[in-house]
Amino acid sequence: MTGGEIIKMIAEQKTAAQCFIKWWRKEEDFIDFDLIERFESNIDKGEVFGGFELIDMEQMWDHVQQLCGDRISRTVKDGEEMVAWTSGDKKHHTLPFKPKTLLDILDFETKGNYVD
């Protein structure tokens, strides 16, 4: 499928809760995640893809939690849901539970090379 076809399919399939796209190349040797809006703005409509899946915050949280194990948790601070994360370099972070936060943690943990 092409990037143009994916954009059309996203418009048809996306629910309000889904803010991430998990996509892979035709060769299925590469998997990546992105925010749907950023993916759509950067996609080459002629590029060939193997497939994609739209995912929500809880599904992305599951991916991130699986990577980080007991180094990550969710908490509430001043009424706002937060992520408490100790990165691989032993630094402790308290960040808002938002799509960009989860994607940034995933990218840091995988060094941009996610393996499913």
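Basis for what follows: all heavy atoms, side chains included, without hydrogens, waters or symmetry-related copies. By convention here, the first residue in the shown sequence is residue 1. A quick note: this is a predicted structure, and the numbers were derived from the prediction, not measured.
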Query - Single-linkage hydrophobic cluster L67~L95, side-chain heavy atoms < 4.5 angstrom - result: yes
Query raised in the report: Taking all non-hydrogen atoms of both residues, which atom of S87 and which atom of E109 are closest, and how far apart?
Result: CA-OE2, 4.1 Å
Query - Qualifying salt bridge (charged side-chain N to carboxylate O under 4.0 Å, His left out) pairs with a residue from residues 43-70, counting only residues at least two apart or across chains - result: E58-R74
Query raised in the report: Roughly how far, to the nearest 0.5 Å, is CD1 of I7 from CZ of F52?
Result: 10.5 Å
Report summary line: Nearest heavy-atom contact between L35 and P99 is CD2-CB, 3.6 Å
Report summary line: Closest non-hydrogen contact found for C68 with I105 is SG-CG2, 4.0 Å
Report summary line: When rounded to the nearest 0.5 Å, the distance separating CZ of F39 from CD1 of I43 is 3.5 Å
Report summary line: One should read off an interatomic distance between N42 CG and D34 CG, to the nearest 0.5 angstrom, of 7.0 Å
Show which side-chain atoms of residues 9-16 pair as donor or acceptor with protein atoms under 3.5 Å away, not counting sequence neighbours.
| residue | atom | partner | partner atom | Å |
| --- | --- | --- | --- | --- |
| K14 | NZ | Q18 | O | 3.2 |
| T15 | OG1 | Q18 | OE1 | 3.3 |

**Report entry** Value rounded to 0.5 Å, distance of NE2 in H63 from CE in M60
**Finding:** 6.5 Å
Query raised in the report: Checking T86 side chain against K91 main chain: does a donor-acceptor pair fall under 3.5 Å?
Result: no
Query raised in the report: Under 4.5 Å between any side-chain heavy atoms of W23 and I31, yes or no?
Result: no
Query raised in the report: Quick one: NZ on K22 to CZ on F33, what's the gap to the nearest 0.5 Å?
Result: 5.0 Å
Requested in this report: Check whether any side-chain N or O of T110 sits under 3.5 Å from a backbone N or O of L106 as a donor-acceptor pair, and report yes or no.
Outcome: yes
Query raised in the report: Side chain of E80, backbone of K77: donor and acceptor closer than 3.5 Å?
Result: no
**Report entry** side-chain contact (heavy atoms from CB on, under 4.5 Å) between R38 and L103, intermediate numbers included
**Finding:** CA-CA 12 Å; R38 188 168 64 189; L103 193 59; 2.9 Å; yes
Report task. Kindly indicate, with the supporting measurements, whether the criterion side-chain contact (heavy atoms from CB on, under 4.5 Å) is fulfilled by E5 and F49. Result -> CA-CA 10 Å; E5 291 169 328; F49 292 83; over 6 Å; no
Report task. Check the hydrophobic clustering (I, L, V, M, F, W, Y; side-chain heavy atoms under 4.5 Å; chains of links allowed) and say if M1 and I36 are grouped together. Result -> yes
Query raised in the report: Roughly how far, to the nearest 0.5 Å, is CD of Q65 from CG of L102?
Result: 10.5 Å
Query - W85/F108 aromatic ring centres below 6.0 Å - result: yes
Requested in this report: Group every Ile, Leu, Val, Met, Phe, Trp and Tyr by side-chain heavy-atom contacts under 4.5 Å, then state whether M82 and V64 land in the same group.
Outcome: no
